[in-house]
Amino acid sequence: MASDTTIHLSNVVVALGGFPALAGVTFGVGRGELVALRGANGTGKSTLLRLCAGLVPLTRGAAVVAGVDLLVNRVAVRPHVGLLGHRNGLYGDLTAKQNVQFVADLVGATASDVSSALERLGIDQRVASTSASLLSAGQRRRTALAALVVRRAQLWLLDEPHAGLDAAARRELDVILRDATASGATVLYTTHEIDQVAGTPRTITLDGGCVASDVASTIGSAR
Amino acid sequence: MASDTTIHLSNVVVALGGFPALAGVTFGVGRGELVALRGANGTGKSTLLRLCAGLVPLTRGAAVVAGVDLLVNRVAVRPHVGLLGHRNGLYGDLTAKQNVQFVADLVGATASDVSSALERLGIDQRVASTSASLLSAGQRRRTALAALVVRRAQLWLLDEPHAGLDAAARRELDVILRDATASGATVLYTTHEIDQVAGTPRTITLDGGCVASDVASTIGSAR
Amino acid sequence: MSIYTATAAVPGAAARTGTRTTRVIGVLALVTTAFVVVSAFFLTPADSVQGDSVRIMYAHVPTAWVAYLAFITTAVASGFSLARRHRTLGFDRVAGASGEVGVLFMAMTLLTGSLWGRLTWGTFWQWDPRLTTTLFLFITYVGYLAVRRIDTDPRQRARRSAVIALLAVLEIPLVHFSVVLWRSLHQEASVLSPDGDVRLDDLMLFTLFAGVAAFTLIFAWLVIHRQRLTALADIRQTVGLDAAIALRRSETSGVVK
Amino acid sequence: MNVALSIARKDLQIEWRTRMLLARVVPFALLVMVLFAVALDSEPLVLRAAAGLVWLAMLFSTMLVVQRAFDIETADAAIDTLLACAVHPARVFFGKALALFVQLFALVVVLVTAAIVLYGVTVSGSRVVLLVTVVISATSGLALVGTLYGAVVANMNGRDSLLPLLALPVLAPLLIGASRATEAAFGSQTIDMANGWAWVGLLGVYGIVFGAAGSAAFSPLTESDS
Amino acid sequence: MNVALSIARKDLQIEWRTRMLLARVVPFALLVMVLFAVALDSEPLVLRAAAGLVWLAMLFSTMLVVQRAFDIETADAAIDTLLACAVHPARVFFGKALALFVQLFALVVVLVTAAIVLYGVTVSGSRVVLLVTVVISATSGLALVGTLYGAVVANMNGRDSLLPLLALPVLAPLLIGASRATEAAFGSQTIDMANGWAWVGLLGVYGIVFGAAGSAAFSPLTESDS
Ligand code: HEM
Ligand SMILES: Nc1ncnc2c1ncn2[C@@H]1O[C@H](COP(=O)(O)OP(=O)(O)OP(=O)(O)O)[C@@H](O)[C@H]1O
Ligand SMILES: Nc1ncnc2c1ncn2[C@@H]1O[C@H](COP(=O)(O)OP(=O)(O)OP(=O)(O)O)[C@@H](O)[C@H]1O
Ligand SMILES: [Mg+2]
Ligand SMILES: [Mg+2]
């Protein structure tokens with residue numbers, strides 16, 4: 001496999017409690033690509049992201065993510081991956097800033113990385129010093145995104161990152177994702193909003209746990 | 001006050017832990033209206049809905065919802081209101097169907113109401129008999145909406161009901177909301193998606209805890 | 001080891017859990033048990049102090065020792081299931097089966113012990129170190145089985161329960177040496193006493209060890225069958241998975257195309 | 001169907017699907033009884049304290065069951081729906097208390113049996129009637145107080161540690177009453193049957209007070225402000 | 001900054017912002033001690049059981065603190081982020097165990113003081129050294145075992161009741177060892193100082209075994225598949 005392939009899945013089956021949430025998925029994503037994942041509710045998008053993050057085991061097939069073979073040691077993939085799930089992964093009793101700072105401590109980012117990430121996501125002084133559990137849904141989502149920016153992962157996996165964000169934050173998020181791919185990271189995100197997909201170079205659609213279509217958008221790549 | 005006013009707010013202030021999430025809101029909504037609530041993150045939309053549902057106390061001003069004065073007894077408003085918050089309000093250890101059935105038991109709806117609500121929201125046999133905690137994000141949201149349909153409330157309050165739903169469910173949701181208003185219920189919902197708002201007769205925009213604009217959409221009412 | 005190699009044959013085999021080996025084990029177990037019953041009730045003498053109640057010993061002591069054996073088997077299989085990643089589930093099945101049988105036998109130890117206690121001490125229970133630690137050991141493995149019952153991914157369950165099993169086995173020396181550590185009401189270690197002083201007569205001793213043999217055979221028989229049963233269930237699930245995958249693939253919503 | 005019964009049924013349905021009581025609370029309670037005996041480290045002491053230890057184990061187990069009963073309501077904000085649908089908060093109170101009673105009753109039966117086997121207590125003749133009465137009235141009290149305080153701390157951050165703090169002092173009289181009455185039923189020298197029945201009377205009053213307080217207070221309690 | 005220290009600091013930061021220990025666990029533990037005295041209902045009995053009761057109260061409080069320590073990780077799936085960022089699971093283990101130790105140590109200081117005041121025990125001279133050693137080694141044991149079993153049940157439904165079931169039998173030897181050694185330090189007639197020091201030795205072995213086991217086992221445990 002070429003080293004510029006970040007995700008390589010072939011015939012992947014993931015069974016959750018006996019139910020094949022993914023029922024034979026095959027595709028590859030190259031380094032620096034920005035890919036949108038679509039599909040009806042329950043078609044397996046979240047499961048696919050969690051698989052790539054090393055959080056659920058492979059039942060059948062083969063998967064290599066960020067150079068790590070998930071069959072051999074799926075835990076080893078985690079340091080390369082930044083995941084934003086349906087849940088935000090925040091500590092409700094810490095302030096927004098403390099949350100981002102904690103992630104920075106873990107990955108060795110500096111204090112100025114933290115404040116620039118907070119600023120980028122429009123988290124002002126007041127919000128930054130409020131407990132995460134008291135913030136509005138959108139403010140919490142922004143905090144989680146700020147933590148992800150600080151994380152500087154090689155592979156970004158985002159599960160409906162636009163949901164809950166207001167128009168300004170959505171625009172900023174798109175800029176952040178493009179910046180990330182420009183600097184060599186790979187981004188895979190899910191969405192249910194059609195106008196989001198329009199701006200993305202490549203869209204993979206899942207249906208019934210399988211890939212239903214995989215198309216490059218000319219609009220997206222031109223934009 | 002005329003009896004065809006479902007929500008009547010005047011100069012409403014709601015302080016949460018000392019922070020005025022609502023800082024003087026005044027508007028009224030008539031019976032049978034369908035109103036979209038917009039605004040940036042943290043401008044007080046969720047707080048407004050929770051106020052109308054009798055879940056947070058009024059700090060200043062006056063509010064009458066479904067004929068109940070919230071200053072006098074905000075608990076009395078609850079039987080008239082169906083609320084879908086950012087969280088779904090499901091019991092993770094019950095199946096989707098048991099969850100809807102439980103709400104039906106409480107409000108005295110029949111078994112056929114339950115099955116028709118499940119069918120409307122596209123919850124098939126398999127999903128209906130799976131524990132809610134194991135379902136996908138969109139499937140859980142659909143289940144919560146099915147429970148709301150069974151509820152048959154006089155005032156529907158929905159906090160970003162479209163988030164997490166796929167295209168088919170969004171279309172069905174719009175039909176459900178229109179049906180509800182047609183049968184005399186009042187619907188107030190929040191959203192961050194511009195194309196959602198386009199189809200709604202009236203849009204109220206909040207900013208900094210106050211009403212920034214309140215416009216009737218000609219497109220929406222024509223549609 | 002032999003238990004595990006026996007499982008390797010399963011996938012190809014018919015949907016039965018018996019083989020010639022297990023039938024041999026079964027027959028041997030029956031014969032030995034028959035001898036122990038006859039000898040315990042009719043051949044061995046009654047005790048001068050305890051009278052006939054001493055005959056409970058031939059069930060009590062072997063079940064305790066074989067329960068230890070079962071828990072050690074669980075620990076060893078758990079160790080392998082952690083170390084050998086690609087065979088995790090096979091070892092995990094053995095560990096689980098052996099744990100279940102161990103809990104069963106430990107329950108029998110408790111039951112026979114408290115009956116015996118009722119006859120000799122006049123109470124079902126004494127707060128004596130050996131009894132108390134035995135009870136803790138029993139509860140620990142009930143907890144182990146509770147973790148195994150939790151419905152998650154089999155491999156995760158295997159890892160979690162393996163960790164518990166490896167820690168739990170450390171309690172066995174605690175139970176065994178509790179008598180030495182604390183002064184105790186309970187019988188001194190009379191068979192395996194540190195000074196090698198054996199205080200039972202020859203036939204009693206022989207019957208006791210025949211009991212140990214009988215329960216060991218029963219243990220082996222039960223574990224082999226039990227873990228094959230779970231292996232078959234797993235196979236059935238795999239077959240079920242193929243059907244489920246086909247069904248899932250046909251589950252096209254046709255919404256987005 | 002009656003609203004309170006629907007609620008009780010729902011709670012028991014969840015218990016049935018998860019088997020929490022059987023698989024975890026029962027072993028926990030037995031363990032507590034064993035640990036007490038170990039900590040006391042003396043046979044006659046244990047026998048003398050048997051009744052108190054049974055109810056102490058019940059008390060701690062009640063905390064677990066109550067926490068669980070309100071966790072399922074608050075985990076996904078389900079209580080908001082519940083309160084919006086159920087017209088009268090008192091019904092919610094009695095529904096949840098009923099489900100709690102059923103579970104605690106099953107538990108206490110196991111614990112009394114354990115006391116007979118492990119602690120060596122004996123119950124016979126007319127004492128059985130006293131024992132059954134004590135068990136029912138004390139368990140009702142536990143269920144009512146548990147539900148009331150469970151609602152107080154529901155939705156509060158860190159309720160795991162707040163619940164025992166609030167509920168245990170209130171339950172102290174119940175602990176004393178139930179222990180003394182059970183001692184009498186266990187045939188202790190220090191307390192006779194007549195005295196035992198007097199304690200049962202007190203337990204009854206306690207239950208009635210908390211039943212009334214609960215149904216009255218449940219409404220203001222659930223006006224969640226979070 | 002070292003990863004383990006970051007994690008410990010984060011846990012203590014959360015404790016500092018919520019004051020859970022001070023406001024709730026400490027009162028709970030004191031209450032348990034008082035309830036024991038009530039259930040025993042006899043002065044000399046209480047004095048004799050004092051050491052055991054202190055450690056029993058510690059044991060139950062440890063369950064609360066551990067549950068809390070893992071609840072904050074799983075409530076919003078924060079542990080996923082943590083594991084993704086922290087390269088080595090053993091560091092996560094020691095970070096969480098360190099924070100737990102600090103909290104439990106503060107708690108045990110309060111409880112021993114309470115035993116002196118409530119139960120009337122006395123400690124003096126060379127006994128103080130023994131007492132301090134026991135407290136430190138037993139508390140380390142509690143922190144290590146608590147973290148390990150907290151991780152075992154983290155992310156599991158109904159962990160509130162599974163944690164005590166799994167952890168308490170494993171902690172039973174620690175309870176016994178710490179109680180006996182503390183008895184010696186409290187100047188009990190039944191056990192002398194030399195014996196007390198022997199128990200401390202056992203506690204040390206216990207701590208080392210679980211420290212090693214924990215750092216080895218944390219990695220397979222946290223390969224969450226839920
Ligand atoms: C519930 C009560 C009892 C329990 C839980 C119990 C438990 C045990 C256990 C676990 C062992 C195996 C010890 C080892 O080798 O490590 C054992 C051995 C034994 N028990 Fe009991 N026991 C009980 C009551 C009694 C009674 C009442 C008697 C006789 C008066 C008795 C006599 C023996 C004897 C003779 C052995 C063999 C001792 C040796 O050689 O190690 N047990 N018991
Ligand atoms: N333990 C289980 N038992 C049965 N079915 C399960 C189990 N776990 C997950 N599922 C099913 O697997 C599928 C998982 O889908 P997933 O969460 O990946 O969907 P998704 O594409 O992210 O959907 P959404 O758009 O709603 O977020 C769902 O259909 C769910 O019902
Ligand atoms: N206890 C508190 N202390 C300080 N600020 C608080 C507290 N509770 C809420 N807030 C603030 O009040 C506001 C509540 O906003 P609300 O949740 O109503 O926003 P929203 O319009 O629904 O936003 P979103 O679009 O993100 O859902 C937020 O700015 C939040 O930070
Ligand atoms: Mg999803
Ligand atoms: Mg909101």
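A, B, ... follow the sequence lines: proteins, then strands. Residue 1 opens every chain.
Heavy-atom minimum distance, B:Leu90 versus D:Ala78: O-CB, 4.2 Å.
If you check the side chains of D:Gln13 and B:Tyr91, you find no donor sitting under 3.5 Å from an acceptor. Side-chain contact, D:Arg17 with B:Thr95: no donor N or O sits under 3.5 Å from an acceptor N or O.
Other residues, nucleotides and ligands place more than 12 heavy atoms under 6.0 Å from the CZ atom of B:Arg120. Applying the 6.0 Å contact sphere to CZ of B:Arg60 captures no more than 12 heavy atoms from other residues, nucleotides or ligands.
Salt-bridge check for D:Arg9 with B:Asp105: passed, with a basic side-chain N closer than 4.0 Å to an acidic carboxylate O.
A distance of 7.5 Å separates CG in B:Asp93 from CD1 in D:Ile72, rounded to the nearest 0.5 Å. Atom CZ in B:Arg78 sits 10.0 Å away from atom CG in D:Leu82 (nearest 0.5 Å). The distance from atom CD of B:Gln98 to atom CD1 of D:Ile14, rounded to the nearest 0.5 Å, is 8.5 Å.
Interface summary for chain D: among B:Gly17, B:Ser131, B:Gly85, B:Ala132, the most heavy-atom pairs under 4.5 angstrom belong to B:Ser131.
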